[in-house]
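What follows is one structure encoded as structure tokens, with my remarks underneath.
Each chain gets a letter, A, B and so on, in the order the sequences are listed, and its residues count up from 1.
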Amino acid sequence: MRKQVRVRFAPSPTGGLHLGGMRTVLYNYLFAKKNGGDFILRIEDTDQSRYVSGAEEYIHNCLNWAGLEPTESSYHGGNYGPYRQSERKELYKKYAEQLVKDGHAYYAFDTPDELENMRHDLKTEQNPSPQYDQSIRMKMRNSLSLAANEVRKLQDANAPHVIRIKMPEHETVSFIDMIRGEVSFDTSLVDDKVLLKADGMPTYHLAVVVDDHLMKISHAFRGEEWLPSAPVHILLWKYLFGLNEMPQWAHLPLILGPNGKLSKRDGAKFGFPVFAMNWTDPKTNELTEGFKEKGFLPEALINFLALLGWNDGTEQEIFTKEELIEKFSIERVHSGGAKFDYEKAKWFNHEWIKKSGVRGMEPGVKRLLSEKGITDIDSSVLEKVVGLVKDRCTLLTDFYDHSYFFFKSPEKWDIAAVRPKWNEAKQLFFAEVIRNYELNNDWKAISLENSFKEIAAANQIKPGEVLLPLRIMLVGGKFGPGVFDIIEILGKNETINRIKKALTVF
RNA sequence: GGCCCGUUCGUCUAAGGGCUAGGACACCACCCUUUCACGGUGGUGAUACGAGUUCGAAUCUCGUACGGGCUACCA
């Protein structure tokens, strides 16, 4: 019988959720949905010094906004909780002790100062970062190097200590990565990582193995930065639960910024978001803008992220979430890192705005306009405006610039574009247009345009000479959709008022 | 420094021993548009380098170079 597919996203609540994390969420989600599996959100908050309040709730909000809800989490519940590692603290210790008993781990009593001294003393140009490994462990203070009675004494005195894994000598540890194929390591070159900290909390290395086992995780996806510590995890699986029980691993390629791994700094420096949603650091109050607030549609972000490192082998680029679920396969994920291209991200958003129906866009646009002070909006007008302007917007926030003039009469005009060619004849021409429009009972763009051109012809004025002034009268400048489309939506009173008002200024 | 991973247009990528190395973003040109955009058509542009295997290599092997990651009682 095939094992039930269960995957997890396991962030630590230390700040904003960036693109790399978002993509890990996505791939987990798609894989779970495709295989009828469960998607678990587990909070890895074992480092109390880095815990940031509000970060967990924020992660939930991001997943909710993106439509990538987990099936099990501290908020959704589930049969494998608690889903916060800090609440599972007592679980880990017995596994660490078991490892010591079996000779795969040991107690280490070295103080932070002693560790620092060791690193300082051993540091050379040839070896800039000395490790706590088999070459050095017998010279440190631990249950391997110390006499048994001395160890007992330290324990009786409650001396602070950690538990470290004892890496075996010259073994080759290898495993099959779903993306990269076989990866192998020489255990002699890996250090004796801390498994259980002095405060009794596990480190990531112990916690990830224990929890993946207890939560019956079948496939473990994580960023490529974890590849170097994979041999530790493989060994832990072997010692604790057996390799047969181990999930299948996939190490996802990194998302790169202009120089290396994408960071919050890159966003600030180059002017693009890196977090899914706005994040305010509770300590510094510093705000980092998110894709949501920048004006991205969740569908577009998902689509963009999915294609950053994966494709279905065809030339299709626009995928709905349902299509992604159907077509996604972890084997088609690339092994190489991908540089984040903000221009391409915006292109996806533009495509999704065009693809979305007017109805779907309306609530978002209405919210945006009201944030900018435009509140009294007739819904039939809004519908027409959105339909007319939609294709011109790349970001949701562009709707304001492309449509505010439907709701606000201009107070300034691009007079420099009109005045040099302005004359008495044009003044009279517009007076006639007003008289004509007052009598128009149809008020459709096409009839409005026809009568405008007829009046121009009768006055021996080329339409081109009065079209631009008309536009500027209505919207204030050289922009916007077709003038007669604007006029139709504005309606008779508003159009005539705007022309009259501008005429007094030109 | 050591270990691990990677390398096809500027960017994201297709091609898994066999057409002229295909598409998308960006860029450029033209068309459309009596505004600004959208849109349409076309164009510039890549297999890191060197060996080897082979009738034939972007593709397989080795080496080199370059890029990235890790090297904490952080994740």
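- Across the protein-nucleic acid pair, A:Phe272 atom CZ and B:A26 atom P stand 16 Å apart, rounded to whole Å.
- A sub-4.0 Å separation between OP1 or OP2 of B:A72 and a side-chain N or O of A:Lys197 is absent.
- The residue A:Val194 sits close only to the backbone: its heavy atoms come under 4.0 Å of sugar-phosphate atoms, none of a base.
- Counting non-hydrogen atoms under 4.0 angstrom, A:His334 reaches the backbone sugars and phosphates but no base.
- At the heavy-atom level, A:Asp47 lies under 4.0 Å from the strands shown only through sugar-phosphate atoms.
- Considering only side-chain N and O atoms, A:Arg119 lies under 4.0 angstrom from the phosphate OP1 or OP2 of B:C73.
- Scanning atom types as modelled, one donor and one acceptor separated by under 3.5 angstrom connect the side chain of A:Lys344 and the base of B:A24.
- In B:C38 the base sits syn relative to the sugar, since the glycosidic angle is no further than 90° from 0.
- Salt bridge status for A:Lys346 with A:Glu343: present, with a side-chain N to carboxylate O gap under 4.0 Å.
- Here A:Phe340 and A:Phe272 bring their ring centres to under 6.0 angstrom of each other.
- Put simply, A:Asn127 has no side-chain N or O that comes within less than 4.0 Å of OP1 or OP2 on B:G1.
- With C1' as the reference atom, B:G45 and B:U54 are 31 Å apart, rounded to whole Å.
- Contacts of A:Ser335 with the nucleic acid, taken as non-hydrogen atoms under 4.0 Å apart, involve only primed sugar atoms and P, OP1 or OP2.
- Residue-level contact check: A:Arg222 touches neither bases nor backbone, having no heavy atom under 4.0 Å from any strand.
- Among the atoms of the strands shown, base atoms are found under 4.0 Å from some heavy atom of A:Ala198.
- The existence of a salt bridge linking A:Glu351 and A:Lys354 is confirmed by a sub-4.0 Å separation between a basic side-chain nitrogen and an acidic carboxylate oxygen.
- Here A:Val183 lies in heavy-atom contact (under 4.0 Å) with sugar-phosphate atoms only.
- Nearer to the 5' terminus of RNA chain B, by closest-nucleotide assignment, is the contact made by A:Asn311 (compared with the other of A:Asn311 and A:Pro130).
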Protein proximity profile, nucleotides 31-43 of chain B - base contact B, sugar-phosphate-only contact S, no contact -, cut-off 4.0 Å on heavy atoms: ---BBBBSS----
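- With salt bridges taken as basic N to acidic carboxylate O contacts below 4.0 Å, one links A:Lys193 and A:Asp191.
- When heavy atoms are screened at a 4.0 angstrom cut-off, A:Thr46 is found touching the sugar-phosphate backbone but no base atom.
- Using a 4.0 Å heavy-atom cutoff across all strands shown, A:Phe340 reaches no nucleic acid atom at all.
- When heavy atoms are screened at a 4.0 angstrom cut-off, A:Asp110 is found touching base atoms of the nucleic acid.
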